[in-house]
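A quick write-up on the structure given underneath.
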Amino acid sequence: MTMRIFVPCDAAALSMGANAVAAAVANEIAARKLDAVLVRNGSRGLLWLEPLLEVETGHGRIGYGPVKPSDVKSIFDDGLAGKTHALNLGPVDEIPYLKNQQRLTFKRCGITDPLSLADYEAHDGLKGLRRALQMTPADIVKEVTDSGLRGRGGAGFPTGIKWKTVLGCEADQKYIVCNADEGDSGTFSDRMIMEGDPFALIEGMAIAGVAVGATKGYVYIRSEYPHAFAQMNRAIEIARKGGLLGTNVLGSNHAFDMEARLGAGAYICGEETSLLESLEGKRGQIRFKPPLPAIEGLFGKPTVVNNLVSLASVPFILAEGAAVYKDFGMGRSRGTMPIQLAGNIKQGGLIERAFGLTLRELIYDYGGGTYSGRPVRAVQVGGPLGAYWPESLFDVPLDYEAFAAKGGMVGHGGIVVFDDTVDLAKQARFAFHFCAIESCGKCTPCRIGSTRGAETIDKIIDGENVVQNIDLVRDLCETMRDGSLCALGGLTPMPVMSAMEHFPEDFDRVRERAAAE
Amino acid sequence: MLLKDRAAFASPWDAEAAREIAVRHKDMEGPLLPILHAFVERFGHINNEAIVLVADVLNLTRADVQGVVSFYHDFRREPAGRHVIKVCRAEACQSMGSEALAARLERALGIAFGETTPDRQITLEEVFCLGNCALSPAVLIDGELHGRASESKILELVGVRS
C-alpha cells in the first residue's frame, strides 16, 4: 500500500519553513524510489511543533516536529516512524494537547487532504448537507436553532434566529455571506479552516443556502490571508466540478454557488454592515441598523451574515443532530469553541473544547506558560476590543455570560498572553491608537474619541495631571461605549477600562518613581 | 489574484490593458474592489488615470472611486519598493517584542513605516494581524509569511546586510 506522508500547507506551518520540508520529503521519496506520496494537509493546530511531519503507519500517524529540511534525510534513514529519532513525537493523536480536545468543527483539519472531496466524504463530509436536502427549510433552521449555536465571530447572536428571519423574507434573491475578515489579533481559526478543511465551509454555506432559499454566497476574506484566499478559490472550483456547488447541489433541485472575495486591509470590514458595503464595492463604512442585514443586506436583499466558524460548525450539527452538539457546553453557551492560544505562550495553537474551560487550564495545562519563561501578567481575550485580565480572573469559565459578568468577552476565542514585561498603559494607548487607525469615520465618538483617548493616555504616561486625566479617560470611554454606532468605538473602552481597573499601578509610574526617590 | 506585492512584478501603466481588466470584471456583483486589486497586482499601484478609467467603465464618479481607493490600506497610490516588508504590530506580536523589532528595522533600513528606501529596494509597512499569532512576531515579505521573525532573518530575506 502506498504510504502517505503529511506536511502541512497551512500558512503558520509555511511561516516556519514547511514548503522546504515538503520539497525535501519529495526528494527523498524519489531518490529512494519509495511507494509513498506526499500530502499537503492542513494544520493540526499544534503550532509550536510546526512544521509537523506525519507518517501514516499501521498503528496511527506518527509525528515529527518541528522539522527542518535538514532533518528530513535522517527521518527517512530512521525508517520513517522509527522510534529513535530525536524529533519523533509518537502517535500524533496521543499528544495530550490534541487528545484532550473535543474536535467537532475541526474534526478533519490537519487529518485530510484539504483539496480532496473524496477524502472529505471519507471523513463524514457532506453527511450534513445530504440530510439537509431531505428536510424542509423550516426544519433545517430549527435544527440549527435547537443546537444552541451562537455567532462565533464575537457577538454570540443565535445563528438559527438570523436564519429564521431570512427564511421568512420574500425576495427574488437572497444571499449567504461568510465573514472571514478575521482581524482580531490572537485569532486564526477561520484561516485554519480555509486552508485545512475548506469544504466544511462550502458545505455549511450550501446548507445555509438551502435552509433560507439563498442561491448565492460570498466568503469575504481579508487580504492579509493570501494563502487562505488562494486555497478557498481552489476548493470552490473543485466543489463546482464535484457537483457540490451549482444549479443542482448534489443532484437536488436546489441551486447554490459561491465566490471568494478579497478585503483590502480594513479591520472595520469585519463588522457585518461594513463588510456588506465593501462587497458592494464601496468604502467600508458601517450602516445604521435597522434595517437588519437579514432583511435588507447585500444589495438590499435578505442576507445571512455569519462568521466562518459558525458556518463550518453547521455540517456537524446537521449530520449528528442538534442534541449531540447541544450536549457540549455550559449555560447558554452550547457546543464547542475553537480557542486560539497566542502571543507569549510556549505551546500556542488551536484548542477546540466545549465551553466551560478556564483560562488557567488553557494557559498552563495546554499552553505550558509563557514562551519567555517569565510569569504571566495579563491576558487579552477576544481580540483588540477584549478586556485585559490579571491572573486573579483566570478561573472564570469560558462562557459568554460568565465572561460578560466580569467585564470581558469571549469574542472570536483568541487568547493573547503577556509576560511581566508588559506595560498596560501602553496597551491601553494602543487600543485607542488602533481604533483611530481603523475607525470608518462615520460616528464622532469613535472617529474623534479614539485620537483624544490616545493623547490623554500619553499625558498619563508622562505623569501630567494623572488623576484628572484618568477621570477624563473614564468619561471619554463612557461616551464612546454609549454613543458609537458599532462595536469598534463601542468596545474600545473595554481594553482601556480593564487595563486601568486591573493594573492601576501601570498608570501612575511617574508618581510612583517620584515617591520612591 | 494572489498578492505578489512586489514592484519587481509590476508592469508599466497600460491604459488598454487596464480597460480590458475593468471591462472583464464589469458584470460581477460589486466589481470595484476586484478591479482595484487586479490593478495593484498588475501595475503595482493605482494612479490617477486608473481612477478616471474605472469611474468611466463602471459609470461612477471619480470621487466615488477616489473615496474607495483612499479608504483601504491595500490600494497604494505610489509604487512600492522591490521588496515589501509588512510587520505585524498587533497585540499578539507586541507580546513577543514586535515593537522593539519594528524600531530596529526602521533604524537598520533608515526609513519609517510607510516609507520606501531611496534606492527603491524596500518598502516598510505595518499591518495589524497576519493570523500567525502563536508564532509571533510575524512578518509578510513579498506575500510570504514568516514566523518567529528576527531583524537578521528579515534583512537576510530581502538581501540587506545588517
Side-chain angles (χ1 to χ4, degrees), chain A residues 11-12 14-16 47-48 50 182-188 190-191 216 223-230 259 261-267 278-285 298-299 340-345 348-350 371-372 380 383-384 414 416-419 422 427 430 434 437-438 440, chain B residues 1-5 25 28-38 40-41 54 58 60 64-76 86 88-99 125-136 138-140 143-149:
Chain A
L14 298 184
S15 84
M16 299 305 284
L47 294 175
W48 76 99
E50 294 291 1
E182 184 173 51
D184 288 357
S185 175
T187 67
F188 40 82
D190 297 357
R191 183 183 60 66
K216 179 89 206 209
S223 62
E224 292 83 352
Y225 283 1
H227 304 88
F229 181 69
E259 259 180 62
R261 284 289 175 90
L262 202 53
Y267 177 78
S278 185
L279 269 179
E280 290 183 8
K282 300 174 189 157
R283 292 164 67 87
Q285 283 189 304
L298 187 61
F299 302 108
Q340 300 123 87
L341 207 46
N344 196 329
I345 189 85
L350 183 121
Y371 182 82
S372 62
Q380 187 182 30
V416 176
V417 178
F418 293 83
D419 71 12
V422 68
Q427 296 309 120
F430 176 76
F434 181 72
I437 294 173
E438 300 296 341
C440 82
Chain B
M1 193 164 61
L2 190 57
L3 323 161
K4 281 208 204 74
D5 219 4
H25 291 83
M28 293 172 91
E29 291 184 316
L32 185 51
L33 264 66
I35 291 172
L36 295 174
H37 272 304
V40 174
E41 170 83 8
V54 180
L58 298 184
L60 297 169
D64 284 333
V65 179
Q66 167 69 40
V68 170
V69 170
S70 67
F71 185 85
Y72 297 96
H73 299 301
D74 287 0
F75 301 136
R76 61 174 89 249
K86 293 188 178 182
C88 177
R89 301 183 75 176
E91 291 88 340
C93 286
Q94 290 168 12
S95 78
M96 289 294 289
S98 63
E99 285 313 285
E125 292 184 342
E126 64 180 11
V127 62
F128 296 100
C129 198
L130 295 166
N132 199 24
C133 321
L135 296 166
S136 296
V139 297
L140 197 69
E144 292 298 330
L145 186 62
H146 300 272
R148 300 274 187 246

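So you know, we letter chains A, B, ... as the sequences are listed, proteins then strands, and number each from 1.
Contact between A:Phe188 and B:Gly131 at its shortest, heavy atoms only, is CB-O, 3.3 Å. Annotation for A:Leu262 and B:Leu33: closest pair O-CD2, 4.1 Å, computed over non-hydrogen atoms. The minimum heavy-atom distance linking B:Leu135 with A:Leu47 is given by the pair CD2-O, 3.6 Å. The minimum heavy-atom distance between A:Gly343 and B:Met96, with the atom names listed, is O-CG, 3.7 Å. Heavy-atom minimum distance, B:Cys129 versus A:Ser185: SG-CA, 3.7 Å.
Interatomic distance, B:Leu145 CG to A:Arg191 CZ, rounded to the nearest 0.5 Å: 7.0 Å. Here the CD-CD1 distance, from B:Glu126 to A:Ile437, works out to 5.0 Å after rounding to the nearest 0.5 Å. Rounding to the nearest 0.5 Å gives a distance of 3.0 Å between OH of B:Tyr72 and OG of A:Ser278. Remark: B:His37 NE2 to A:Arg261 CZ distance equals 10.0 Å, nearest 0.5 Å. Atom CG of residue B:Asn132 and atom CE of residue A:Met16 lie 8.0 Å apart, to the nearest 0.5 angstrom.
Here A:Gly284 is the residue among A:Gly284, A:Pro384, A:Gly186 with the most heavy-atom pairs under 4.5 Å with chain B. Between chain A and the options B:Glu91, B:His73, B:His146, heavy-atom pairs under 4.5 Å are most frequent for B:Glu91. Between chain A and the options B:Cys88, B:Ser70, B:Ala92, heavy-atom pairs under 4.5 Å are most frequent for B:Ala92. The choice from A:Gly281, A:Ala228, A:Gly348 that makes the most heavy-atom pairs within less than 4.5 Å of chain B is A:Gly281. Ranked by heavy-atom pairs shorter than 4.5 Å toward chain A, the options B:Met28, B:Glu144, B:Arg89 are led by B:Met28. When the candidates A:Ala12, A:Ala264, A:Gly265 are compared by the number of heavy-atom contacts under 4.5 Å with chain B, A:Ala264 comes out ahead.
Looking at A:Leu341, the atoms closer than 4.5 Å to chain B (heavy atoms on both sides) all sit in the backbone: N, CA, C or O. Heavy atoms of B:Val68 lying under 4.5 Å from chain A belong to its backbone as well as its side chain. With a threshold of 4.5 angstrom between heavy atoms, A:Glu280 approaches chain B through N, CA, C or O but not through any side-chain atom. With a threshold of 4.5 angstrom between heavy atoms, B:Gln66 does not approach chain A through any atom at all. Neither the backbone nor the side chain of A:Asp190 has a heavy atom closer than 4.5 Å to any heavy atom of chain B. Residue contact with chain B, scored on non-hydrogen atoms closer than 4.5 Å, is absent for A:Ser372. Residue contact with chain B, scored on non-hydrogen atoms closer than 4.5 Å, involves the side chain of A:Phe430 exclusively. Only the side chain of A:Glu438 comes within less than 4.5 Å of a heavy atom of chain B; its backbone N, CA, C and O stay farther away. Looking at B:Leu130, both its backbone and its side chain come within 4.5 Å of chain A, counting heavy atoms on both sides.
Between the side chains of A:Tyr371 and B:Ser95, no donor-acceptor pair is found at a separation under 3.5 Å.
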Step by step, would you call B:Lys86 with A:Glu224 a side chain to side chain contact (heavy atoms under 4.5 Å, CB included)?
CA-CA 10 Å; B:Lys86 293 188 178 182; A:Glu224 292 83 352; over 6 Å; no

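The aromatic rings of A:Phe434 and B:Phe128 stand perpendicular to each other, their planes meeting at an angle above 60°, with 30° marking the opposite boundary.
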